Amino acid sequence: NQLRTEYYSQPIADVDMTVFQKEVDELYVLAYSKLHAKHRCEASERLLEQVKEEKMLMPTLVNLGNKHLKREHWMKVLANQQRAYDPSISLDSLRQMKMLDPQYREGIAEQAAIASGEASLIQTIDDLRDRWEDIRFEVKPLRDSKDTFILDDVAEIVQQQEEDLLVIQGCLASRYVSGIRGMTKR
């Protein structure tokens, strides 16, 4: 209960759900081990039931703790709620709004997947942009001219451009591009 209170009362943005998940898993193993015949008691059975409930919720909690969820994703998650998104929202708040109930889990998972997909595409685009900012074109003088220059061997640059265009086309074809289409076209 103390573990749950600790994690549920903090703003979701401050909770490391992987740590929470690990602690719940460890607690589950401990509670399960206490259910052997000679250790069996009502308290350990109650603890195991509570931890099982938390364990079943964990995929949803991990999705809600996705660090890539932005305001627009939260707006969709909370679309049918009276309360608007605010960065200090906690798991307790979501539980009180019944957002941890089974009927909302699929929508939460979908928004978490979209957020992660968009973040991955943004990272790919940033990597491409950084790579092209570092490319230096080599020039050489045109024949005997001192004032006119032409590009030197560009075979590697053309090869890189072709590869990166394929990456960009892949980004544009991704199912997660709709939220960041403007960025990918630039």
Side-chain angles (χ1 to χ4, degrees), residues 1-28 50-135 160-161 163-186:
N1 244 354
Q2 180 184 1
L3 179 67
R4 186 178 199 190
T5 302
E6 176 186 336
Y7 284 104
Y8 273 66
S9 61
Q10 298 178 46
I12 290 177
D14 297 342
V15 176
D16 185 343
M17 290 297 178
T18 56
V19 172
F20 184 31
Q21 184 175 26
K22 182 180 177 192
E23 289 181 17
V24 167
D25 288 343
E26 289 171 357
L27 190 56
Y28 180 80
Q50 288 175 344
V51 175
K52 268 186 188 177
E53 287 174 21
E54 207 64 32
K55 200 166 169 54
M56 288 179 63
L57 265 181
M58 197 50 67
T60 301
L61 300 180
V62 169
N63 286 331
L64 288 167
N66 184 330
K67 300 300 182 194
H68 301 298
L69 284 172
K70 294 181 181 157
R71 180 174 215 72
E72 59 268 16
H73 304 114
W74 277 106
M75 302 277 284
K76 290 177 184 172
V77 166
L78 298 171
N80 61 350
Q81 297 295 319
Q82 301 285 325
R83 180 176 175 182
Y85 169 70
D86 100 59
S88 66
I89 199 164
S90 68
L91 290 173
D92 260 340
S93 303
L94 292 171
R95 186 179 60 199
Q96 290 169 6
M97 293 187 296
K98 307 275 188 229
M99 291 301 297
L100 302 181
D101 289 356
Q103 67 265 29
Y104 298 110
R105 292 178 189 168
E106 187 176 321
I108 292 168
E110 181 181 339
Q111 288 306 309
I114 289 170
S116 293
E118 289 174 356
S120 176
L121 291 175
I122 289 169
Q123 183 62 51
T124 299
I125 292 166
D126 288 346
D127 291 348
L128 288 173
R129 185 178 297 128
D130 291 346
R131 183 169 40 242
W132 280 95
E133 284 178 1
D134 293 340
I135 288 182
Q160 187 65 53
Q161 179 189 24
E163 290 172 12
D164 289 348
L165 283 173
L166 289 173
V167 171
I168 292 169
Q169 288 173 344
C171 288
L172 289 171
S174 170
R175 65 183 267 201
Y176 303 114
V177 75
S178 63
I180 59 166
R181 187 167 291 281
M183 175 186 268
T184 56
K185 285 190 174 183
R186 276 186 268 137

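A quick note: this is a predicted structure, and the numbers were derived from the prediction, not measured.
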- Query: Heavy atoms, side chains only, cut-off 4.5 Å: are Leu61 and Ile12 in contact?
  - Reply: no
- Note on the structure: Distance col, row Ile89:CD1 vs Leu64:CG, nearest 0.5 angstrom, shows 9.0 Å
- Listed by chain and number, what are the salt bridge (charged side-chain N to carboxylate O under 4.0 Å, His left out) partners of Asp14, not counting sequence neighbours? none
- One should read off an interatomic distance between Gln50 CD and Leu27 CG, to the nearest 0.5 angstrom, of 9.5 Å
- Query: Do His73 and Tyr85 come within less than 4.5 Å of each other through their side chains, counting heavy atoms only?
  - Reply: no
- With a cut-off of 6.0 Å (strictly less than), are more than 12 heavy atoms of other residues, nucleotides or ligands near CD of Glu106? no
- Quick one: which residue pairs count as a salt bridge (charged side-chain N to carboxylate O under 4.0 Å, His left out) with a foot in residues 55-76, not counting sequence neighbours? Asp25-Lys55
- Task: Would you indicate whether the side-chain heavy atoms of Val62 and Thr18 approach each other to under 4.5 Å?
- Result: no
- Query: Is there a side-chain contact between Lys52 and Met56 (heavy atoms, below 4.5 Å)?
  - Reply: no
- Message: Quick check: do Glu118 and Leu121 have side-chain heavy atoms less than 4.5 Å from each other?
- Response: no
- From Gln160 CD over to Leu128 CG, what is the distance, rounded to the nearest 0.5 angstrom? 8.5 Å
- Item | Full working for side-chain contact (heavy atoms from CB on, under 4.5 Å) between Met17 and Asn63 | CA-CA 9 Å; Met17 290 297 178; Asn63 286 331; over 6 Å; no
- Message: Between Glu110 and Ile114, does the side-chain contact (heavy atoms from CB on, under 4.5 Å) criterion hold? Intermediate values first, please.
- Response: CA-CA 6 Å; Glu110 181 181 339; Ile114 289 170; 4.0 Å; yes
- Under 30°, 30 to 60°, or over 60°: which ring-plane class applies to Tyr8 and Phe20, parallel, tilted or perpendicular? perpendicular
- Considering residues at least two apart in sequence or located in another chain, which fulfil the side-chain contact (heavy atoms from CB on, under 4.5 Å) criterion with Val77? Trp74, Met99, Ile108, Gln111
- Item | Partner residues of Glu54 under the salt bridge (charged side-chain N to carboxylate O under 4.0 Å, His left out) criterion, sequence neighbours left out | Arg4
- Query: Do Leu94 and Leu78 come within less than 4.5 Å of each other through their side chains, counting heavy atoms only?
  - Reply: yes
- Task: Output the distance between atom CG (Leu91) and atom OG (Ser9), rounded to the nearest 0.5 Å.
- Result: 9.0 Å
- Quick one: pull up CD in Gln103 and CG in Asn80 and give me the separation to the nearest 0.5 Å. 8.5 Å
- Task: Could you list the residues that satisfy side-chain hydrogen bond (donor to acceptor under 3.5 Å, both in side chains) with Gln123, not counting sequence neighbours?
- Result: Asp127
- Say you draw a straight line from CG of Asp126 to CZ of Arg131; how long is it, rounded to the nearest 0.5 Å? 12.0 Å
- Any side-chain heavy-atom pair from Ser116 and Asn66 closer than 4.5 angstrom? yes
- Nearest heavy atoms of Pro87 and Ala13, plus distance in Å: O-CB, 4.4 Å
- Note on the structure: Applied to residues 84-100, the salt bridge (charged side-chain N to carboxylate O under 4.0 Å, His left out) test, sequence neighbours excluded, yields Arg83-Asp86, Asp92-Arg95
